[in-house]
Amino acid sequence: MRLSSFFMPTSRDDPAEAQIVSHRLMLRAGMIRQASAGIYSWLPLGYRVLRNVERIVREEQDRAGCQEMLMPTIQSADLWRESGRYEGYGKEMLRIEDRHGRDMLYGPTNEEQITEIFRHYIKSYRELPKLLYHIQWKFRDEVRPRFGVMRGREFLMKDSYSFDLDYEGARRSYNKMFVSYLRTFARLGLRAIPMEADTGPIGGDLSHEFIILAGTGESEVYCHRVLVEQDVLGTDVDYEGDLAPEVERWTSHYAATDEKFDEKEAAALGDDLVRARGIEVGHIFYFGTKYSRAMNATVRGPDDEEIVLEMGSYGIGVSRLVGAIIEASHDDDGIVWPDAVAPFRVGIVNLKPGDPGCDGACEDIYRALRGSGCETLMDDRALRAGAKFADMDLIGLPWQVIAGPRGIGNGRVELKRRDTGAREELSIESALSRLTAPADAGGPTAS
RNA sequence: CGGGGCGUGGCGCAGUCUGGUAGCGCACCUGCUUUGGGAGCAGGGGGUCGCAGGUUCGAAUCCUGCCGCCCCGACCA
């Protein structure tokens, strides 16, 4: 993409309404535009990141054996009357009436919807277990939306639902999602710590929040050092095998948010206690037969007995993650995208557009990178060097290729790594081979 | 939902207390000079001051109502 024609309205000044760093940077980088309180349009740069996050979430769901589908945003109130939540959910639910006077709602989540689908088609124990998910926009009419996409009213969520015959099966499904979440966040360049959680209005008696560590996180968290240090992606996971030991590896150590903070338990850790700020990016629940019983979702067992389905649900805040990643990865100059989600992998900075040498070299590099499938944004705008450097740092692409008259005479460019700031002067050829080296495609080093 | 604050060119703000027909910086357009970390000079365009009523000879400014947005707290992916 040529920056001269790319729609990327960056701004030099901080917007007045944005309080936290991710919100400020997303607005300054031209990633989002607020439509109304807690509702945002995603501009091209932001949408590219959102899609990357979504893609990784999807890949890890698929890998865990979860099947993707898509349910609607608008749901019938009748379904929610069956589960009892139509009255219970309160004002957070956006209620709509259609032209015939039917009560509808913009879905805040999809337990009822998926249960209705499931009960209609699945009649035999032979068809279990099943794990289904979708990635769809949700609406929760938060009293006070804030922090940009971190707590919007409209947000993109991945929600999965498991159906099993008994507790043991439900526990296996829960463990699959537990492990896949660890992998998902690690691939996004984040360190996520699972913490025991309240189940809230969704109900149930087994639940974990996944909290990523970020200096500017909303809540204070406490955990054992091991949880911050142990490896996530190093070993291959067999989702058909026994995942209990891996879950045990993450749940046997102390970890708590400030609400559940326990002075004594924390003190017992001594020097192993890590105190940090965190942001919730995922939440998993086992809730047994709460919805299946209310909505009569049953199958026939081997002896023709009626079995009420055991269910769980598993959510990842996809749009929230974009903000959360920035909270976890930025500096004074702007965003520092992890490679896996960066809107482009490389930014080319042509320091002197109009100079035949610079133009020619930049075009060559641009073409070569694109040819090798490397997503590249070329700043060919007629601006001063300082403005271009500032914009490039602001939008945080992992690599910058800086081409100016100084080096280009000798066929050399500067290669800059955004995260470390390391710069190196190289021949164009070596720069290209460095940049087109095999990229991480879900491999072991996602941080 | 309780408490507080703010709405003035695209962005950030001053002007409001004390009423007299709107200003600054950035951005934008034109020209010249500049050109490796947000240039300089000159010229130029753009605002019914959130909306609706009211007071007044006259309202961005005073009064009333409404709308929108932000912050703190309680709640949440």
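Reminder, nothing fancy here: chain letters follow the sequence lines and each chain counts from 1.
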What pairs with [X] under ring pair (Phe, Tyr, Trp, His ring centres under 6.0 Å), at least two apart in sequence or on another chain?
X: F139(A); answer: Y106(A)
X: H330(A); answer: none
X: Y222(A); answer: F261(A)
X: F118(A); answer: F163(A)

*Integer angstrom distance from the C1' of rU21(B) to that of rU56(B)*: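 About 15 Å, rounded to a whole number of Å.
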*For atom C1', what is the distance between rG19(B) and rU55(B), given to the nearest Å?*
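Their C1' atoms lie roughly 11 Å apart.
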_What is the distance, to the nearest angstrom, from the CZ atom on R33(A) to the C1' atom on rC11(B)?_
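In whole Å, rC11(B) C1' lies 10 Å from R33(A) CZ.
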*Within this structure, what is the CG-to-C1' distance between N110(A) and rA77(B), rounded to whole angstrom?*
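After rounding, the gap between these two atoms is 13 Å.
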*asked:* Whether R171(A) engages the ring of Y167(A) as a cation-pi pair (distance to the six-membered ring centre under 6.0 angstrom, angle to the ring normal within 45°) should be assessed.
replied: no
*What does rC28(B) pair with, Watson-Crick or G-U, if both distances are under 3.5 Å?*
rG44(B)
_Checking S180(A) now: which residues fulfil side-chain hydrogen bond (donor to acceptor under 3.5 Å, both in side chains) with it, not counting sequence neighbours?_
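So S180(A) forms no side-chain hydrogen bond (donor to acceptor under 3.5 Å, both in side chains) with any residue.
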*With sequence neighbours left out, what residues match D14(A) under side-chain hydrogen bond (donor to acceptor under 3.5 Å, both in side chains)?*
none
*With a non-hydrogen cut-off below 4.0 angstrom, is V318(A) in contact with a base, only sugar-phosphate, or nothing?*
nothing
*Partners of D62(A) by salt bridge (Lys or Arg N to Asp or Glu O under 4.0 Å), sequence neighbours excluded?*
none
*Can you check each nucleotide of nucleotides 27-38 of chain B against protein heavy atoms at under 4.0 Å and return B for base, S for sugar-phosphate only, - for none, in 5' to 3' order?*
-------B-BBB
_Identified side-chain hydrogen bond (donor to acceptor under 3.5 Å, both in side chains) counterpart of W250(A) within the set E246(A), H253(A), E248(A)_ =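 The residue from E246(A), H253(A), E248(A) that satisfies side-chain hydrogen bond (donor to acceptor under 3.5 Å, both in side chains) with W250(A) turns out to be E246(A).
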*Pairs meeting criterion salt bridge (Lys or Arg N to Asp or Glu O under 4.0 Å) with involvement of residues 408-417 of chain A, two or more places apart*: D339(A)-R417(A), D393(A)-K416(A), R412(A)-E425(A), E414(A)-R423(A), R417(A)-D419(A)
*Residues forming a side chain to side chain contact (heavy atoms under 4.5 Å, CB included) with R2(A), sequence neighbours excluded*: S4(A), S5(A), E363(A), Y366(A), M378(A), D380(A)
*Positions of residues 354-362 of chain A (non-hydrogen atom under 4.0 Å from RNA chain B), listed by number*: none
Atom pairs, protein N/O to nucleotides 70-73 of chain B N/O, distance under 3.5 Å:
residue	atom	partner	partner atom	Å
rC70(B)	OP1	Q34(A)	OE1	3.4
rC70(B)	OP1	Q34(A)	NE2	3.3
rC70(B)	O3'	E17(A)	O	3.3
rC72(B)	OP2	R144(A)	NH1	3.1
rC72(B)	OP2	R144(A)	NH2	2.7
rC72(B)	N4	R144(A)	NE	3.2

